[in-house]
Amino acid sequence: MRFPSFDASTMVDGMDKKTRVNHPPAVALPADNRSLVAPIYQSVKFTFDDSAETAKFLRGERAGFFYSRSSNPTLRQLELLLAELQGREECLLVGSGVASIAACLLSLCRQGDHVLGFVESYGPTRYLLQRLLGKFGVRHTLVSIEDRDAIERVLGSEPTRLVVFESPTNPVTKIADLEHLTAQARRAGALTVLDNTFAGFHNHGRYPVDVFLHSLTKYASGHGDVLGGAIIAGGELIESMRKDVVSLGPSLDPHAAFLIQRGMRTYFLRYERQCAAALEIARCLATESRIRAVFYPGLESHPQHALARAQMSEFGTIVSFELDGGYAHGDRFADALEFFSISASVGSTESLVMPPRLLGGPDLSADQRQIARLSPGTVRLSIGLEDTRDLIADLRQALAAAFA
Ligand SMILES: Cc1ncc(COP(=O)(O)O)c(C=O)c1O
């Protein structure tokens, strides 16, 4: 068979084709012609015209990019956006929410330091305090986020490097008193680190929190298809952490950063809509006879409703409750749900459920489980973007099925 225009030459544009595939034709955009969506800089490496400019960059004397583990234009756009939304100067992106917690704790602590943490905090945060930091001689104390006296007692008696907390907490949506906690920490000379994933980037920025952490896997990306994390703080603090975090190597991939940036376009719409649905659902669940208590900060019955109202512009998308019966009822309830998938994570467009058996906390003592309100009846819902009436009907039929 003959190909009429087949070019047998191995050369093209002055180079061998084997060279050409590694130096493809460049396509420049004219200066007055811009792409409306920023391109994905899916490149590990960047180059300057000569070694003098490269050396200048490496000395920090000129702007630019060199290696994507340290910085990349696609990541930079997202860093600037998230820092602005959270009301701080700088942001470091990493590959997951857990990476943001681990990198931050490792960077800010040294041997002999003490950290104040909370019984109600995210499981892997407790693990990091108990196991990883413990291995390097960092001590910690866990108290309840509601126990103001214990917070004051620990901070008053023990020199403390960090106070690491969340608000609302996972899974039963307790609210940290940010004014009290930040004032106590400042008085004691401790830095505050708030995992602000549940409250979102637009909440809590007006409180003097030193470091905000976010899992971008949740509301930022919003669609359950990409992992990411962010450390957001003042410029000086981020500069003091930058080399440590980069050297640990938990980089976010540019394509993941692009997807998260795309998710951020609908962040407010999704978050507000999911919060409104969560409030409606919480109110309905509160009328159900088989539910002993509903934990949602937007309900007047929530013990910290006034605090939540003062601190946040909405009340979050997580609704937890205490179901009658035990693990078997929780399993039957979760199994009967049609629109809530049994899965970890929160903040996606689809609704999720975690039945009591799967809510974890194996490291907690019986007393601590009581403080965290983890019982054989605790169920966590993450509210998605389905029609709210469909979700309520689904929850009602699953309750009926669980107790049939
Ligand atoms: C409060 C909180 N922080 C951090 C994370 C961890 O995020 P990632 O899954 O992105 O590591 C989670 C995940 O569920 C979370 O709920």
Side-chain angles (χ1 to χ4, degrees), residues 75 78 82 86 91-106 117-129 132 142 145 162-176 178 192-201 203-204 209 211-232 245 248-253 256-257 259-260 263-264 267 271 274 278 295 297 312 315-320 341-348 350-354 358-361 363 372 374 378-384:
L75 271 69
L78 184 58
L82 298 182
Q86 191 60 86
C91 171
L92 279 172
L93 293 174
V94 290
S96 71
V98 162
S100 75
I101 306 167
C104 174
L105 296 181
L106 282 169
F118 296 91
V119 175
E120 298 91 340
S121 53
Y122 179 52
T125 303
R126 294 198 307 268
Y127 176 88
L128 288 165
L129 291 177
L132 195 68
L142 295 183
I145 195 75
L162 300 180
V163 179
V164 182
F165 67 109
E166 291 151 41
S167 186
T169 63
N170 181 8
V172 296
T173 69
K174 291 189 192 180
I175 304 296
L178 269 80
T192 41
V193 178
L194 168 55
D195 180 339
N196 209 23
T197 301
F198 275 28
F201 306 92
N203 276 308
H204 298 156
V209 170
V211 184
F212 288 97
L213 304 177
H214 284 271
S215 165
L216 307 180
T217 316
K218 313 296 189 294
Y219 305 100
S221 75
H223 295 75
D225 51 9
V226 58
L227 286 154
I231 305 169
I232 302 173
V245 174
L248 286 165
S251 330
L252 186 69
D253 180 75
L259 289 174
I260 294 164
M264 285 306 296
Y267 162 75
Y271 193 80
Q274 286 168 275
F295 310 115
M312 297 164 69
F315 300 105
T317 75
I318 308 305
V319 180
S320 299
S341 305
I342 300 171
S343 188
S345 201
V346 302
S348 294
E350 72 281 342
S351 292
L352 305 170
V353 60
M354 283 291 272
L358 302 181
L359 271 178
D363 59 303
L374 282 174
T378 315
V379 176
R380 184 186 78 188
L381 302 177
S382 169
I383 307 303

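In listed order, ligands and their atoms are each counted from 1. These numbers were taken from a predicted model, which means no experiment stands behind them.
- At a 4.0 Å heavy-atom cut-off, ligand 1 touches D195 through the side chain alone.
- Closest to atom 5 (C) of ligand 1, if we only count protein heavy atoms, is Y122 CE2, 3.3 Å.
- For atom 7 (O) of ligand 1, the nearest protein heavy atom (residue, atom name, distance) is S215 OG, 3.0 Å.
- Less than 4.0 angstrom separates some heavy atom of T217 from each of these atoms of ligand 1: 8 (P), 10 (O).
- Ligand 1 places these atoms under 4.0 Å from at least one heavy atom of V98: 6 (C), 7 (O), 8 (P), 11 (O).
- Ring orientation note: the planes of F201 and H214 are close to parallel, at an angle under 30° on the 30°/60° scale.
- Atom CZ of F165 is separated from atom OG1 of T125 by 12.5 Å, given to the nearest 0.5 angstrom.
- Heavy atoms of K218 approach ligand 1 to within less than 4.0 angstrom.
- Proximity of N170 to V346: side-chain heavy atoms (C-beta onward) are nowhere separated by under 4.5 Å.
- In this structure, M264 and L216 have side chains that are not in contact, with every pair of non-hydrogen atoms separated by 4.5 Å or more.
- V94 is not listed as a side-chain neighbour of L252, based on a closest heavy-atom distance of 4.5 Å or more.
- Between S215 and D195, every side-chain heavy-atom pair lies at or beyond the 4.5 Å cut-off.
- Listed by number with element, the atoms of ligand 1 under 4.0 Å from a non-hydrogen atom of F198 are 1 (C), 16 (O).
- Inclusion of G97 in the set of residues having an N or O under 3.5 Å from an N or O of ligand 1 is warranted.
- Between the side chains of T317 and Y219, at least one donor N or O sits under 3.5 Å from an acceptor N or O.
- Counting heavy atoms under 4.0 Å from ligand 1, residue N170 touches it through the side chain alone.
- Polar contact check, I101 against ligand 1: no nitrogen or oxygen pair lies under 3.5 Å apart.
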